[in-house]
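In what follows, chains are A, B, ... by sequence order, proteins preceding strands, each numbered from 1. Please read all numbers here as calculations on a predicted model, not as lab measurements.
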Amino acid sequence: MPDSAVQEKALLDKPRLTREQIAQRAALELPDGAYVNLGWGIPNLIANYLPKEITVYFHSENGILGMGRRARPGEEDYDLIDAMKVPVTLIPGASIFHQADAHLMTRGGHLDVAVLGSFQVSEKGDLANWKIPGAKGSGGIGGAMDIAAGAKKLIVCMEHVARDGAAKIVKKCTYPLTGLACVDTMVTDLAVIDVMSEGLVLREVARGWTPEEVQKLTGAPLTTKGRVPEIHLPRVLPGLLEEK
Amino acid sequence: MPDSAVQEKALLDKPRLTREQIAQRAALELPDGAYVNLGWGIPNLIANYLPKEITVYFHSENGILGMGRRARPGEEDYDLIDAMKVPVTLIPGASIFHQADAHLMTRGGHLDVAVLGSFQVSEKGDLANWKIPGAKGSGGIGGAMDIAAGAKKLIVCMEHVARDGAAKIVKKCTYPLTGLACVDTMVTDLAVIDVMSEGLVLREVARGWTPEEVQKLTGAPLTTKGRVPEIHLPRVLPGLLEEK
Amino acid sequence: MKKKVYSSLDEVVADVPDGARVMFGGFGGAGFPNNLIQALVRKGVKNITAISNNCGTRDGELGLMFKHNQIKHVIASFPGPHANHFQERFAAREVTLELVPQGILCERMRAAAAGLQGFYTTVGVGTEVADGKEERVLDGKRCILEMPIHADYAFIKAQKADELGNLTYRLAARNFNPIMAMAANTTIAEAEELVPVGSINPVHVMTPAIFVHRIVQAKGLHYAG
Amino acid sequence: MKKKVYSSLDEVVADVPDGARVMFGGFGGAGFPNNLIQALVRKGVKNITAISNNCGTRDGELGLMFKHNQIKHVIASFPGPHANHFQERFAAREVTLELVPQGILCERMRAAAAGLQGFYTTVGVGTEVADGKEERVLDGKRCILEMPIHADYAFIKAQKADELGNLTYRLAARNFNPIMAMAANTTIAEAEELVPVGSINPVHVMTPAIFVHRIVQAKGLHYAG
């Protein structure tokens, strides 16, 4: 099993889930009524793919609970933005509070689910998502460490393998850590993987992929519990959140 | 110098300030614009004796800043009470907040002045005001320890000597402590005394009393800085707060 | 989606087990969840650890639970001179008490709410409150280590609630309620008024819905003590 | 009584000395005290320690102060990809940086505000953030000790202010402002609107007057970044 370098180049050319599809699959992990924080990148796309029959309440670390869709052109209010500085709207029943209360929610175990992007995740669920070793500039932590430490369930959405072919799911993170043993589930362009006390459990694989192939692109051992089904993506209903 | 028992019984029969007069004198210690918390007993009388030309803002640890006069009969709202459960009113510009923020104010050094009653005060400014040794029942601390720890200036109002003749101003408290080295000034029925790094400094004495006589009823050494003037009480204007 | 609004007081407390740790809002007669307390009395739960500023006013507030000997341990700042039922149980050693300075009581609950594992304070240094606690000097000041207070339930009293769980409080009936709402695993609010979702201005919400798990409308029960 | 309302931006920052520790409210473009920042730029103070979530957006927000090399040290959670003036100074080692997780930044300021001397948190354990910090196990969890962040000044942005200093904030422009208002020795608020005392409902005051030492009306300066 490769720790970081991937031997079989051929695998890298097989079709995978798009970023939108990763978000779509991750959306199915959100239970009805959940309070949810979505991080930068792929996680932020999840709001577009919520199943119609469920309601979730989006939290933003700058002090919003109950964020709605993004503001339409002309509707923007720059005092009402999400953590990515994007003007948003509020749903009925939303609330506004200060940043300390916003992070009391993240750190205090009040969020049901948080979804973050990541550079690496270890087999123990260690998260490394804030800094690329050797990158120039100051870097920035933002709310990720508080969220990682406190969410009841932490889901990571990311590509399974880095652009250079290196495994992102590893035995031990080599990137600067965000938090220890905090990731519960990974949704990648190849698989859904749960971090369990016994190690990484492969729950689903992308269409056309076998567990063995996914293992070859994974830097830590995967176990399975019986047959591993393919990732099932419901019919895409883009702009669902828009209609609510 | 007596530590607790008072030798000269005759002194105990000399006229002293009343509780109302102690409050009246203590009111003069409040600077214009100050944020002030008044404790149970004599301190609570101070609001009636504020000089007309100054405005102070009263804080209550149950989450009120800008308490006004007590509610008049028929005007009582039992959701708007002070820390003594007495229905009060609000002045214009008042604010309401939760108990944690109320004590963030007490403990965090935001109150300009707090005035508390006490059983004993030591020459180092240690305060003992929450529990009588041997008293039956559970006792109760309330907000006193947070207030003692955090007020910029802590004034104690009390009778100079206990009913049994024991000194209440002592070298070392024998009652359970509320806080260490926290008292700045004492206003008693006999004197105004400042707790300084060099010890207790007698600032004023009650009319008809000499510094030597006050010393005899005090369980710790008093020093003076030159002549010690008599306590001057301005003409009483009862109900002043009512008119504001 | 699981509804937060319950139709009866008895239903909303039905699963509170014997031995539960319960926070009770209120201060000096204002903001006590008296209707929920009465429901606990009807249910007859035992061996409760109660976290509350006061211990009741005669039969009012927590008084009724002490009268029926339902509480075995109290964490409080000021049990109160009129908490006669508590005082009798306490004298008879049927109830134990941890006395906590009022602001520290708030902060220990807030630490639990905020996912903090403990904090240092100068409050209580050199007093009985410091007994058995770690002491150290930080930034030149003597401090003691205070630990979070967690609870299974918070019973709180709100003025308005929407069905998502957003709350407001009336005047100084706010007191401990917002802090306890954040600190417990299950927060149950009795609200004077149920209002439509969206009718509370988002910037005026005093307790966001995320902290509130159950709501029951109840109005009118008042103890002047 | 000393008036809190100042008539000009330059007057309200006139006594800010070189080397001061200053908190700046705002997050992601909302709630930044841009008018006060511009006044500090005009005044030309140097060697400021800035405590702020971000480090500016090009010339906007704190960007202007970095452009003029007025800041020597920053405590921030997310300097930001468009904080080019900061990044240039940082690369040139003209500015030092302490990176703090965003919620811990809030809590450390709140600890200063609340008179707490430090707290334990699991946030940052095992990461660079823990370097040099005391670590211990509390309640079975690895924690690090975080210390309060104090400041000489807090520069904040309010929507409404009355002349006593009661404040409200507009929507998510609230963010760090109420926390910083409580944490500094001298809090200076720029308010879009001055309103009569008594016109803010006491239960809707977001920052009570006790925390606000100076107020100046300023409206309109906006950086979309």
Side-chain angles (χ1 to χ4, degrees), chain B residues 30-37 50-68 77 79-80 88-114 143 145-152 154 179 182 244, chain D residues 1-5 106-119 148-152 154 158 160-169 178-187 189 191 194-215:
Chain B
L30 306 184
D32 192 22
Y35 296 97
V36 177
N37 182 288
L50 284 177
K52 195 158 196 160
E53 63 278 13
I54 78 162
T55 305
V56 304
Y57 301 97
F58 289 111
H59 167 275
S60 184
E61 51 263 50
N62 55 331
I64 307 174
L65 192 68
M67 272 196 304
D77 182 335
D79 283 343
L80 186 60
V88 293
T89 58
L90 299 177
I91 66 168
S95 53
I96 302 271
F97 32 86
H98 60 54
Q99 204 104 7
D101 277 352
H103 276 296
L104 180 152
M105 293 178 192
T106 65
R107 204 178 39 241
H110 304 280
L111 292 177
D112 296 299
V113 184
M145 286 192 186
D146 296 272
I147 292 169
K152 281 181 205 150
L154 181 59
C182 52
K244 283 206 175 172
Chain D
M1 198 173 76
K2 190 159 175 279
K3 292 252 186 234
K4 293 184 179 180
V5 179
C106 296
E107 287 298 318
R108 289 177 62 190
M109 292 189 288
R110 188 186 174 279
L116 303 178
Q117 274 66 43
F119 60 86
I149 297 176
H150 294 270
D152 302 310
K160 294 182 184 179
D162 70 22
E163 68 177 29
L164 298 183
N166 292 298
L167 305 182
T168 66
Y169 307 94
I179 303 300
M180 292 176 171
M182 302 190 294
N185 293 337
T186 300
T187 293
L194 275 177
V195 300
V197 171
S199 65
I200 305 173
N201 184 334
V203 304
H204 294 156
V205 169
M206 296 176 192
T207 291
I210 193 171
F211 298 121
V212 179
H213 306 94
R214 302 178 193 171
I215 305 149

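From T55(B), atom OG1 reaches atom CG of L164(D) across 9.0 Å, with rounding to the nearest 0.5 Å. Rounding to the nearest 0.5 Å places CZ of F211(D) at 6.0 Å from CG of D101(B).
Chosen from A113(D), A112(D), G115(D), A111(D), the residue pairing most often with chain B at heavy-atom distances under 4.5 Å is A113(D). The choice from S199(D), G165(D), G198(D) that makes the most heavy-atom pairs within less than 4.5 Å of chain B is G198(D). For the set H103(B), H59(B), M105(B), H110(B), the entry with the most heavy-atom pairs within less than 4.5 Å of chain D is H110(B). Listed options I200(D), N201(D), V197(D) were ranked by heavy-atom pairs under 4.5 angstrom with chain B; first place goes to V197(D). If you tally non-hydrogen atom pairs under 4.5 Å between each of L90(B), I64(B), I96(B) and chain D, the highest count goes to I96(B).
In this structure, chain B has no heavy atom under 4.5 Å from any part of K3(D). Of the two parts of M206(D), neither the backbone nor the side chain holds a non-hydrogen atom closer than 4.5 Å to a non-hydrogen atom of chain B.
The neighbour count for K160(D) NZ, taken as heavy atoms of other residues, nucleotides or ligands under 6.0 Å away, does not exceed 12.
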Exercise for review: For D112(B) and I210(D), run side chain to side chain contact (heavy atoms under 4.5 Å, CB included): C-alpha distance rounded to whole Å, both residues' side-chain angles, the deciding distance at 0.1 Å, then the answer.
Suggested key: CA-CA 10 Å; D112(B) 296 299; I210(D) 193 171; over 6 Å; no
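Shortest non-hydrogen contact noted between F97(B) and P208(D) is CD2-CG, 3.7 Å.
No side-chain heavy atom of D32(B) sits less than 4.5 Å from a side-chain heavy atom of K2(D).
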